[in-house]
Amino acid sequence: MEMEIQITAGPIAENPPPLACSGAAGAWTEFRGLVRGEENGQPIGALEYEAYPEMAERELRRLLTELSAQYPCLSACVIHRVGVVPVGEAAIYVGIASAHRAEGFALLAAFMDRLKQDVPIWKRRALPLDLVGDDVRRLTPSSQKPEAPHVVPCRSVDEALADIRLRCAPLPPTRTPLAEAFGLVLRETVCAPDDLPAFDRSAVDGFAVRCDDSATEFRVVDSLRAGDWKPRALQPGEAVRIATGAALPGDGLQVVMQEDTQREGDLLRVLRRDTNLHVRFRGEDLRAGQALVHDGARLDAGALALLATVGHVAPLVSPRLRVLHLTTGDEIVPPNQVPRPGQVRDSNSILIRSLLRDWPCDVTHRHLPEDFETAWRVLDEGRAANADLLLVSGGASVGERDFTRALLERLGFEIVFGRIKARPGKPTIFGVNGHRVAFGLPGNPLAHFVCFHLDVATALGRLLGAAELPQFLPGKLAVELRDKPCPRETLWPARLEWTGFAPVLRPLRWRSSGDITCLAEANALIRVPAGCGVLGAEEEVEFLPTMRLTAGRTTRPDET
Ligand code: AMP
Ligand code: MG
């Protein structure tokens, strides 16, 4: 299929030239996505889109190529606008030439479904209503801001998250048998191939009779069990014995519950007839073509049961991620060892391993010595190169022996940022190398906990193509939170409780990022704005939940 792809900072023309296509084209299908005047219920003036153009173009091409195998079309033209797009203007234009309209429609629908998931083009923010006209057009996408090469790039929490979402793209999907798909992320929207149920079936054990037959005595002419398929036209006065789940023999029938009848040989006496037909009608659960499970969903027990029901036995999913966790520091000893003065037990390995259990990944761990060159020799370069996600605990700061950044650079990672204006967790390094992603996490356990839920979980969600990424939610403080104002945002460990329907947050006690006791209780992080000293009881706050309700898989014990 011929393709023309443009990522542009300017407006999309009213009539983009369709691709030249041969006389084989019978249809030109067009889609133009406009910015709506509302976002999350609030009126807005514009949306700002960000993209890493080369990566986005490559992904768009890959996506179209993949989909065109399923929906053969002749050519496609995709124009995506980035930067500030005012309300009413087009953010995306897609044109598809195909032999018949059906393939064009199908390719377009599938493409738009996958676009948001797979392509690193990101809605960065909504701009308020009063920022319209020329002011809006003067704003440039922030991805175009040049970064001084000698400075360790520093980000606000929002900027760091936007960077992670942009720079982590979903890994190529693969098909997996249902039995191995638990916990994986679905990368296609699965629609019902048939109506569900596929035929009218009895909801009870009883006798099928005509709805329009008000007789009280019937002759039993047949018996149907689940699995039988015996269509017949029932005559007045006739009844058919029918089991729960068995297909009804025809239309216009009611099933009388066995408990409401008396039977003597072929003679059936109906004692009671209620208004309930006791039939599960064809398509009453779902109609053919309706979406069953959406792209980006985590396949839990219920979703897998649904896929099994419709015979979708090899769903397209993201592969399990290969994660390599490296701990650093000569003062660190295994938890089963008694530390000598000055030493500390390793708590980050089990913390990271346990947090990763919520994600479909296979974790390998290795401890590196403090000296860079020795560490480099110890590091199995091949294993590091194979990992989709590399996590390095400790050594992320600027101390003499902090080598995480150098290590990542030697492994070929581009350092996207090296610090976040957040407390705890300031020295956090984020790097990318092709589709591979690395984080250098500050060694303190509380900082680890925060950075995992904020940064690593966002990357995991993106790499896996999950529809839901970690996000801040609104809640209320249970009690006053008082602290010295900090120039950085604080992610304050808290206990999330539900009173009625509202989430309420109880701040936990902590003094430094080296604290660990609060981790046993923390299930949320309160977002305390920079410079804020006191937040009153009952005050509205944003928080990030740190517990998941979905199941994961344990990692293999031989991997430590
Ligand atoms: P670093 O980021 O290497 O400067 O480490 C900061 C602090 O975290 C130091 O007090 C380390 O001893 C501690 N730390 C580093 N790694 C671990 C670990 N795996 N388990 C527990 N504490 C650690
Ligand atoms: Mg260290």
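Numbering of ligands and ligand atoms starts at 1, following listing order. Heads up: numbering here begins at 1 and tracks the sequence.
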(request) Under the salt bridge (Lys or Arg N to Asp or Glu O under 4.0 Å) rule, collect the residues that match up with R506, sequence neighbours excluded. (result) E497

(request) Pick out which of R320, R322, R436 makes a side chain to side chain donor-acceptor pair (under 3.5 Å) with D388. (result) R322

(request) Not counting sequence neighbours, list each pair that qualifies as a ring-ring contact (aromatic ring centres under 6.0 Å, His included) and has a residue in residues 511-538. (result) none

(request) Scan residues 507-518 for pairs that pass side-chain hydrogen bond (donor to acceptor under 3.5 Å, both in side chains), counting only residues two or more places apart or in two chains. (result) N444-S513

Short N or O contacts of ligand 1 with protein, under 3.5 Å, listed by atom name?
unit_1: ligand 1; atom_1: 2 (O); unit_2: G395; atom_2: N; d: 3.4
unit_1: ligand 1; atom_1: 2 (O); unit_2: G443; atom_2: N; d: 2.8
unit_1: ligand 1; atom_1: 3 (O); unit_2: G395; atom_2: N; d: 2.8
unit_1: ligand 1; atom_1: 8 (O); unit_2: G443; atom_2: O; d: 3.4
unit_1: ligand 1; atom_1: 8 (O); unit_2: N444; atom_2: N; d: 3.2
unit_1: ligand 1; atom_1: 8 (O); unit_2: N444; atom_2: OD1; d: 3.3
unit_1: ligand 1; atom_1: 12 (O); unit_2: E331; atom_2: OE2; d: 2.6
unit_1: ligand 1; atom_1: 14 (N); unit_2: G443; atom_2: O; d: 3.4
unit_1: ligand 1; atom_1: 19 (N); unit_2: D346; atom_2: OD1; d: 2.9
unit_1: ligand 1; atom_1: 19 (N); unit_2: N348; atom_2: ND2; d: 3.3
unit_1: ligand 1; atom_1: 20 (N); unit_2: S347; atom_2: N; d: 3.1
unit_1: ligand 1; atom_1: 20 (N); unit_2: N348; atom_2: N; d: 3.4

(request) Please determine if R377 and E373 form a salt bridge, counting it only when a charged side-chain N lies under 4.0 Å from a carboxylate O. (result) no

(request) For residues H448 and F452, establish whether the separation of their ring centroids is below 6.0 Å. (result) no

